Amino acid sequence: MEEVLTNPKAGFYINRDVFGAQGDFITSPEVSQMFGDMIGVWVMCAWEQMGRPEKVNLVELGPGRGTLLADLLRGVSKFKNFTESVHIHMVECSPVLRKLQYQTLKCEGEDGEKQIVSTMTGSPISWHATMEEVPTGLPTIIVAHEFYDALPVHQFQRASHGWHEKMIDVDENSSFHFVLSPRPTPATLYLMKRCKWAETEEIAKLSQIEICPRAMDLTQTIAKRIGSDGGAALIIDYGVNGIVSDSLQAIRKHKFVNILDNPGSADLSAYVDFTAIRHSAEEISENVTVHGPITQSQFLGSLGINFRVEALLENCTDEQADSLRTGYWRLVGEGEAPFWEGPDEQTPIGMGTRYLAMAIVNKEIGVPVPFK
Ligand code: SAH
């Protein structure tokens, strides 16, 4: 899964812009500017709750086209105390997307010469391949939207003698198929750890379990950082607050396709196991607390997206109003939009309850807005 998505030559994310109507899938920041606006409200609140530090790292993991951060910076640009304190760090593996992010954030300067800045707020901005590369020592606010779902999962299947990992083999005519490993694999250690965090009855019901060791490790990197340097992390993704059984999926041009078909040409993603994130964070650091998950609808609603949409609706064209209404539904609604009068196949589908939000914060902050 990692190779398919991030291989430097043929990885799905590496050579192209995969987002939007022309691409393979669409994400909340691409649906409406209100998403980045509201994440901006959350980041500002976190910074306030941190006691307005004079210097702060703002990290985005997997920033895609850079749209979320551009909307966020536009929204907070008036708050000079905040914008002057921020150093932005982008964690991105794709050179093509890095270029796009540079443009979206109206950057100036070149790598290796002068510090690159986003002219939207004058904030310095740096790119890194991994979270570990982001410099330590400053309080840090981290945003991960649809990043965890791209981390590689391992699937286990129950057989007569316990759990076996599903592996991929190649047959005589060079096509891929699934096989079961006869012996324990390295990921088995993570499976054992994950099962300890579940009730025996929860495991007993399942014939398949999906785990994400990289998500568990990344969470520990984040929790250690927030625990020692101070700050807060926000994770938003689709997933469940419990063990995931079998969710790995492939999407090409907005349609589900076979996972093993033409690797690198379709997005692979899996549900995020928020329970595993909670336990991973709590296990590694006594200085952090974990909040949520709550639904995206609760999260955006409590941050005041209703006021935002009303304010935007007051000053816009009819066309913009339509796009605000459908965008609003996509972000906070559940299922098909009841008000839709256009073609059936374009009915906006709500992501409000399928997507969940979780925060990992330094204990000193207390309960982060809006998880109270
Ligand atoms: N947050 C954006 C994009 C989500 S898609 C949005 O909501 O629109 C996933 C993003 O993470 C892409 O930018 C992809 O290139 C990046 N990415 C995926 N796997 C990665 C990895 N292992 N390391 C660094 N970046 C990764």
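Atoms within a ligand are numbered from 1 in the order they appear, just like the ligands themselves. Just so you know, these numbers come straight off a predicted model, no measurement behind them.
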Got a sec: does the [atom1] of [X] have more than 12 other heavy atoms crowding it under 6.0 Å?
{"X": "Tyr271", "atom1": "OH", "answer": "no"}
{"X": "Asp169", "atom1": "CG", "answer": "yes"}
{"X": "His161", "atom1": "NE2", "answer": "no"}

Show which atoms of ligand 1 fall inside a sub-4.0 Å distance from at least one heavy-atom site of [X].
{"X": "Thr6", "result": "19 (N), 20 (C), 22 (N)"}
{"X": "Glu146", "result": "4 (C), 5 (S), 9 (C)"}
{"X": "Leu97", "result": "12 (C), 13 (O), 15 (O)"}
{"X": "Gly64", "result": "2 (C), 3 (C), 13 (O)"}

Heavy-atom nearest neighbour in the protein, as seen from atom 25 (N) of ligand 1, with distance rounded to 0.1 Å: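 Minimum-distance protein heavy atom for atom 25 (N) of ligand 1 reads Cys93 N, 3.3 Å.
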Heavy-atom nearest neighbour in the protein, as seen from atom 7 (O) of ligand 1, with distance rounded to 0.1 Å: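 Among all protein heavy atoms, the one nearest atom 7 (O) of ligand 1 is His145 ND1, 2.6 Å.
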Shared hydrophobic cluster, Met358 / Val143 (ILVMFWY, side-chain heavy atoms < 4.5 Å):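 No; Val143 is not reachable from Met358 via cluster members.
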Electrostatic pair Lys114-Glu110, nearest N-O below 4.0 angstrom: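 Between Glu110 and Lys114 there is no salt bridge, as every charged N stays at least 4.0 Å from the carboxylate O atoms.
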Results of side chain to side chain contact (heavy atoms under 4.5 Å, CB included) for Arg16 - residues two or more places apart only: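 Result, side chain to side chain contact (heavy atoms under 4.5 Å, CB included) vs Arg16: Phe12, Val18.
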Partner residues of Gln208 under the side chain to side chain donor-acceptor pair (under 3.5 Å) criterion, sequence neighbours left out: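 For Gln208 the side chain to side chain donor-acceptor pair (under 3.5 Å) partners, ignoring immediate neighbours, are Asp246.
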Ligand 1 versus Pro29: contacting region, heavy-atom distance under 4.0 Å: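 For Pro29, only side-chain atoms sit under 4.0 Å from ligand 1.
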Heavy atom of Leu5, distance to ligand 1 below 4.0 Å: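 Per 4.0 Å heavy-atom rule, Leu5 does not contact ligand 1.
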4.0 Å heavy-atom contact, Leu68 with ligand 1: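 Not so, Leu68 does not reach ligand 1.
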Parallel, tilted or perpendicular: ring planes of His145 versus Tyr355, cut at 30 and 60 degrees: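 Because their plane-to-plane angle is under 30°, the rings of His145 and Tyr355 count as parallel.
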Plane angle bin for Phe25 and Tyr13 - parallel if under 30°, tilted between 30 and 60°, otherwise perpendicular: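 Rings of Tyr13 and Phe25: perpendicular, as their planes differ by over 60°.
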Closest candidate by heavy atom, reference atom 6 (C) of ligand 1, pool Ile26, Val31, Thr27: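 That would be Thr27.
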Consider every N or O of [X] and every N or O of ligand 1, then say whether any pair is closer than 3.5 Å.
{"X": "Glu92", "value": "yes"}
{"X": "Gly62", "value": "yes"}
{"X": "Ser94", "value": "no"}

